[in-house]
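To keep things clear, I will list the structure first and then write my remarks on it.
Sequence lines set the chain letters: A, B, ... in the order given, protein chains first and strands last, and positions in each chain run from 1.
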Amino acid sequence: MQLRDYIFRRLLVLPILIIGVSIVVFTLTRVGGSPIGIYLSHEMTPSEVAEIQARFGLDQPVWVQYLQWAKGILQGDFGYSGVAAAPVSDIFPLKLAATMELAAAAGCVALFLGITLGTFAGARRNRLPDHITRIVAVSGASLPQFWFGILLLIVFWAQLGIAPIGRSDATIFASIDHPTGLYTIDAILAASPKAFWDAVWHLILPALTLGYGATAIIARMMRSALVEELQQDYVDAARAKGLAEKIVLKRHARRNALVPTVTVIGLTFGFLLQGTITIEIIYRWPGLGRWMADSVLRGDQGTLMTYVLFTSVLFLLVNLIVDVVYANLDRRVTLGK
Amino acid sequence: MLDATQASENVASVRDLKVHFQSKRGVVHAVDGVSFDIQDGETLGLVGETGCGKSVTGRSFLRLLPVPPGILAGGAVSFRPHGPCTACEGAGCEACAKTGRRASGDQPVDLLSISLQDMRRIRGDRIAMIFQDPGKALNPTLTIGAQMSEVFLQHRTAELLDRAGLPPDTAGAVRRFAAQEPRFGDGLILKFPPKRGQRAKLQVALNQMVTEALAETQVPNPAKLMDRFPHELSGGMRQRVMIAQALACNPDLLIADEPTTALDVTVEARILELIRALQQRRKTSVLYISHDLSLVRRICDRVAVMYAGRIVEIGTTEDVFANPRHPYTRGLMAAVPTAGTARGKLAAIRGTVPELVDPPLECRFAGRCPYETATCRQNDPSLQPVSGGHSVACFIDHPTGSQDAPSFDRVTE
Amino acid sequence: MSEITDSNFEKASVRDTAFRVRMRRFFGVLQRLTSNPTTVVGLVLIALMLAMAIFAPWITEANTPDAYQMPRDWGAVRKPPGTPGHWLGTTNEGGDVFYGVIWGSRTSLQLSLYVVGSTMVIGTIIGSVAGLVGGWVDEVLMRIVDVFLSIPELIFALAIAAVLGPSFTNIIIALAMVIWVKYARIMRAQVIQIKQNDYVDAARVIGDSKLNIYLKDILPNAVTPVTVQATLDMGNVVLIGATLSFIGLSEAGIAEWGVLVSEGQAGIASGRWWASTFPGLMIFLWALAFNLVGDGLRDALDPRTEGR
């Protein structure tokens with residue numbers, strides 16, 4: 001099958017999945033009590049209630065209600081956030097930028113550490129780097145991130161007092177413009193080293209906490225892929241050419257081991273996305289995750305559902321991209337097996 | 001096939017080579033005291049069943065054993081690299097087949113004890129290897145050109161600089177590129193002027209060298225082939241690429257590990273022809289590893305028969321095939337169908353190769369041998385000459401003491 | 001089934017032989033499992049924590065009326081570890097951290113058993129139906145599974161738990177609704193793969209009923225990957241459950257590790273590190289133990305991955 005056909009088919013399935021997710025989300029909004037609960041009171045007569053229901057279309061069949069809801073979503077009407085006291089669509093981009101900055105930083109940490117650790121471990125099996133990687137891999141999958149974050153805060157914030165909390169220093173924050181909402185980028189645009197350092201300083205600990213689990217996933221995959229590749233004939237063939245071990249490892253084995261490692265990046269993305277919720281709570285990071293946790297606790301489920309829908313669509317898109325990249329990288333892969 | 005003067009020089013000699021493998025059941029004596037010589041310019045066939053240790057023997061020349069579990073447990077592999085041709089001083093004349101190199105009094109080195117650094121200088125340059133399955137021995141994610149370039153970058157840096165019109169004392173990122181010792185950031189430096197031009201010149205020279213090497217193996221349109229990936233080529237084409245890569249630096253010794261086993265029969269014939277032709281033109285010595293007797297008979301000057309980690313018979317192809325002296329060799333030959341074989345007459349050797357964990361002191365073939373006697377169960381035969389260059393490890397020709405000796409006239413099974 | 005090498009094969013009934021093969025395989029797996037040191041560490045950890053859960057009332061006196069509510073000792077708030085009567089210290093509200101650690105193992109065991117047990121059954125049934133019936137039933141069920149898998153696990157569970165309202169029971173329900181798809185997917189793949197094997201055909205030729213074939217030939221062979229997944233999930237669901245509790249989706253004041261970590265969080269600024277540290281450590285060890293054993297089990301059941 002041609003790559004183009006494959007992408008085309010995946011794109012065809014994508015809307016079906018998105019519609020499926022939206023139905024699930026819609027169902028959840030209806031299960032969690034009447035969406036007009038806040039407009040009702042005990043003093044209202046049944047006819048008044050019916051009138052309000054009619055105004056919001058609740059007297060219609062369920063599928064009509066779903067279509068109206070979906071139409072609203074498509075037009076950018078995500079409802080009103082009680083927590084933020086503003087329409088969801090106004091607040092969302094700001095919070096999203098904060099979360100994306102955190103997730104991207106954690107992703108970079110995970111990619112770098114994961115690939116490095118995995119390579120060392122795979123190349124030096126059963127030696128010290130391998131044991132370290134195994135410990136990272138197995139602990140990373142078992143470590144409650146919120147607890148790990150608290151431990152780091154106990155040591156670096158509460159005891160040593162060297163780590164900051166929050167996203168930036170208030171006075172430094174006010175000193176520059178924020179066109180992108182990504183503070184590190186904003187600081188670079190404003191050519192302010194002080195602001196940049198402040199943004200990075202606030203980012204390090206949360207990014208490490210969030211990135212640790214993803215590092216484990218990537219390191220583990222990288223290691224096993226490299227071990228697999230190093231047993232292939234072409235590695236010996238490369239050595240038979242007289243190549244240095246470093247080149248055999250980097251140019252031949254690692255390069256090919258990276259191909260299957262790409263497949264877990266989609267998984268890693270979901271992991272990072274959901275990890276932001278607790279990390280943002282602990283580090284007082286003003287992003288989507290903390291907003292959602294607040295919304296949940298205050299019963300603002302409409303906002304939460306927007307978030308579920310949004311993250312799922314993002315997750316689907318990232319996985320699609322990962323699959324396409326993988327298919328491009330590995331020319332041997334038979335698509336749509 | 002050989003003239004007398006060359007026959008006296010050995011390009012390599014293996015002495016009492018022992019390779020062990022650590023396994024769960026114990027130490028496997030995969031190669032257990034193998035000795036043989038490879039004469040200059042000859043093709044030596046190494047035949048035997050799967051698992052007899054022939055591939056391991058071949059890989060020992062390049063020290064390409066999986067470590068662990070493989071252990072080089074003893075012995076020596078001395079290799080005498082060719083020196084510059086005395087007649088033309090490296091320019092390339094008729095006497096040295098235009099290679100500029102000839103077997104001479106260069107000091108032999110022990111391939112098993114030299115440093116890895118020295119070993120790497122020999123790998124791919126003086127000793128090259130062709131692998132069994134070209135589909136697996138080529139990196140699937142690099143183009144043919146990229147993979148072949150590596151050989152030249154590794155061993156022909158000076159020639160490359162010369163062809164690119166760069167001074168031989170070129171230094172920095174360009175030099176590191178030409179010598180394949182990349183450092184972090186080199187890629188970026190070479191992408192921008194002023195180094196960009198030099199990098200491009202090197203690439204042109206490199207492509208030229210690769211194209212020439214590919215052309216040697218008679219592939220159609222070698223320049224176009226360079227940009228292809230291995231999976232886009234047929235099996236025969238891939239093996240041609242492997243051969244071109246192996247012979248790129250005019251090695252003194254070529255280890256061919258069942259190079260046609262993974263190929264179709266029709267392709268096999270053409271690949272064999274190609275190896276034979278290139279070998280004769282360049283006077284390269286070849287260690288041809290195979291399980292196929294008829295094939296070995298066709299292309300080899302001498303044959304060594306391996307069984308269970310030992311060489312049981314060695315001699316010129318004519319001698320061994322006309323007068324096989326080891327029961328195993330006879331068994332192998334009886335198992336090969338020829339045009340004259342009558343229906344139902346094809347013989348199989350009963351039993352299977354013994355496990356090589358702590359082998360007992362007895363003939364390895366005892367138990368499968370139709371002629372064995374009590375002698376064979378109590379003594380371990382060693383390789384002894386029967387005539388000229390023909391040796392065999394069997395009590396039929398070399399009875400020990402007064403004991404009951406086996407004989408081809410007496411079937412004991 | 002190439003493993004049948006018995007000389008008295010003729011005499012033994014087919015089922016008896018199959019049983020013996022299975023037993024031999026079982027002991028082989030057991031032996032490989034115990035020869036892996038990290039797996040043994042995991043097994044020991046699991047044993048310790050199970051013992052903790054079972055003997056909780058004997059280790060610390062159960063709180064009345066509800067043992068799963070943290071006892072409050074208002075006379076001893078914010079005590080550090082080593083305080084008499086409060087080995088691991090107390091929380092801001094005078095909760096005994098040691099009590100929470102011990103009884104939290106019971107809460108976690110309940111959570112994991114309920115979630116894994118129910119999802120295994122539901123997932124196995126749905127996956128089997130999809131694999132056996134095929135056609136549009138399979139198509140519809142698998143699309144549903146795909147949709148469920150498109151929503152990140154924790155976020156999905158969070159949404160469901162939020163809709164159901166904050167309680168520990170609702171966390172269990174939410175997790176079950178999210179986790180079952182994994183088993184359905186594994187089971188379906190297994191059934192389809194095994195259905196194509198020759199011995200299933202053979203049974204069909206003999207004239208076995210469909211249900212019989214499924215129970216005798218398909219189900220026992222599909223157990224392997226389900227077992228591995230279940231072991232990993234025993235740890236995994238506690239991790240997610242504790243995360244949801246931490247966010248605030250279970251009742252405040254219950255003896256649950258995630259709740260305790262959340263409760264202790266407030267004190268870290270004033271240097272009271274213990275209230276979060278110990279319960280969190282338990283979550284980690286719990287998940288670690290089942291991950292170690294799950295990995296070991298996978299290697300033991302599939303010798304090909306040995307040493308990877």
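Enclosure of atom CZ in A:Phe148 by more than 12 non-hydrogen atoms of other residues, nucleotides or ligands within 6.0 angstrom is indicated.
The distance from atom OH of A:Tyr234 to atom OG1 of B:Thr141, rounded to the nearest 0.5 Å, is 6.5 Å.
Side-chain contact between A:Gln232 and B:Asn139 is absent, with no heavy atoms from C-beta onward closer than 4.5 Å.
Proximity to chain A is absent for every atom of B:Ala248, based on heavy atoms less than 4.5 angstrom apart. B:Gln154 touches chain A through its side chain: at least one heavy atom from C-beta onward sits under 4.5 Å away, while N, CA, C and O do not. Residue B:Leu138 touches chain A through its backbone alone, counting heavy-atom pairs closer than 4.5 Å. If you measure heavy-atom distances from B:Pro182 to chain A, the contacts under 4.5 Å come from both the backbone and the side chain. Contact of B:Arg59 with chain A is made through the side chain alone, with heavy-atom distances under 4.5 Å.
Interface with chain B: from residues 237-253 of chain A, residues A:Ala237, A:Arg239, A:Ala240, A:Lys241, A:Gly242, A:Leu243, A:Ala244, A:Lys246, A:Ile247, A:Arg251, A:His252 qualify, criterion being any non-hydrogen pair under 4.5 Å.
Note on B:Pro134, B:Gly124, B:Ala137: by heavy-atom pairs under 4.5 Å with chain A, the leading option is B:Ala137. Chain A forms the most heavy-atom pairs under 4.5 Å with one residue out of B:Met242, B:Arg121, B:Met129, B:Gln245, and that residue is B:Gln245. Between chain A and the residues B:His155, B:Glu181, B:Gln132, the most heavy-atom pairs under 4.5 angstrom are made by B:His155.
Scanning all heavy atoms of the two residues, the minimum distance from B:Leu64 to A:Asp236 falls at CD1-O, 3.6 Å.
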